Amino acid sequence: MNTPDEQPVSPYERIGGAPAVTEAVERFYRRLLADGDLAGFFTDTDLPQLKRHQVALISQVLDGPKSYEGRELAEAHRGMGITAGQYQAVGAHLIAVLEELDVPGDIIDHVGKVLESVAPDVIGADV
Ligand code: HEM
C-alpha cells in the first residue's frame, strides 16, 4: 500500500520495469513468428527495431517512460489488410505472454482494454 506522501506504483514498476517488458516483447514475437497464420506479415520487417518500438509502446501503456517514437498505429499498419481474426490472434498471443509472466489480472485487463480501443487503427487500416 502507498502512504499518502508516496507516488502510486505504476503498472510498469509493478511488473518489474524494463527487463520484464523486454522479456514479454521477446516472447510475444517468438510466438508471432511461430504462428503460421501470422509469421508471413513479419518477413520484411526490421525485427530489432519493431521490438524496440513495441517495448517503448507497452512501457507507455503501463505508465512507464514515455519514449515511443514509432509511427501512429494506423500509419504503421496501413495497407497490410489485417483481418479482425488476425488482430484477435495477435492480441491473444500478447495476453498469453502476460499470463505466462504472472502479470497481475488488473494489469492484463488494462492491456485488454487498450487492445480493444486501438483495434480500429490496426484492422484493415488501408485507407
Ligand atoms: C495488437 C495490437 C498491435 C499493436 C499495439 C501493434 C504495434 C505495432 C508497433 C508499435 C509497430 C511499430 C511501428 C513503427 O515502427 O513505426 C508495429 C509494426 C508492425 N505491426 Fe503491429 N501492432 C499490433 C497488431 C498487429 C497485427 C495484428 C499485425 C499483423 C497480423 C501486425 C503487424 C505489424 C507489422 C508487420 C509491423 C512492421 C511494419 C514494418 O516493418 O514497416 N501488428 N506494430
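Start at 1 and go down the list; that is how both ligands and their atoms are numbered. Not measured: the values here are computed from a predicted model.
Looking at Gln60, its side chain does come within 3.5 Å of a backbone N or O of Ser67 through a donor-acceptor pair. At distances below 3.5 Å, at least one donor-acceptor pair connects side-chain atoms of Tyr87 with backbone N or O atoms of Leu115. When atom types are taken as modelled, the side chain of Glu23 and the backbone of Ala20 share no donor-acceptor pair closer than 3.5 angstrom. Using a distance-only test at 3.5 Å, with no hydrogens or angles considered, a donor-acceptor pair links the side chain of His110 to the main chain of Val61.
Salt-bridge annotation for Arg78 and Glu72: absent, with no side-chain N of the basic residue lying under 4.0 Å from a carboxylate O of the acidic one. Between Asp46 and Arg52 there is no salt bridge, since no side-chain N of the basic residue sits under 4.0 Å from a carboxylate O of the acidic one.
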Exercise answer, ligand 1 polar atom pairs (N/O) under 3.5 angstrom:
from	atom 1	to	atom 2	distance (Å)
ligand 1	15 (O)	His53	ND1	2.5
ligand 1	16 (O)	Arg71	N	2.8
ligand 1	16 (O)	Arg71	NE	2.8
ligand 1	20 (N)	His77	NE2	2.9
ligand 1	22 (N)	His77	NE2	2.9
ligand 1	40 (O)	Thr45	OG1	3.3
ligand 1	41 (O)	Arg71	NH2	3.1
ligand 1	42 (N)	His77	NE2	2.9
ligand 1	43 (N)	His77	NE2	2.8

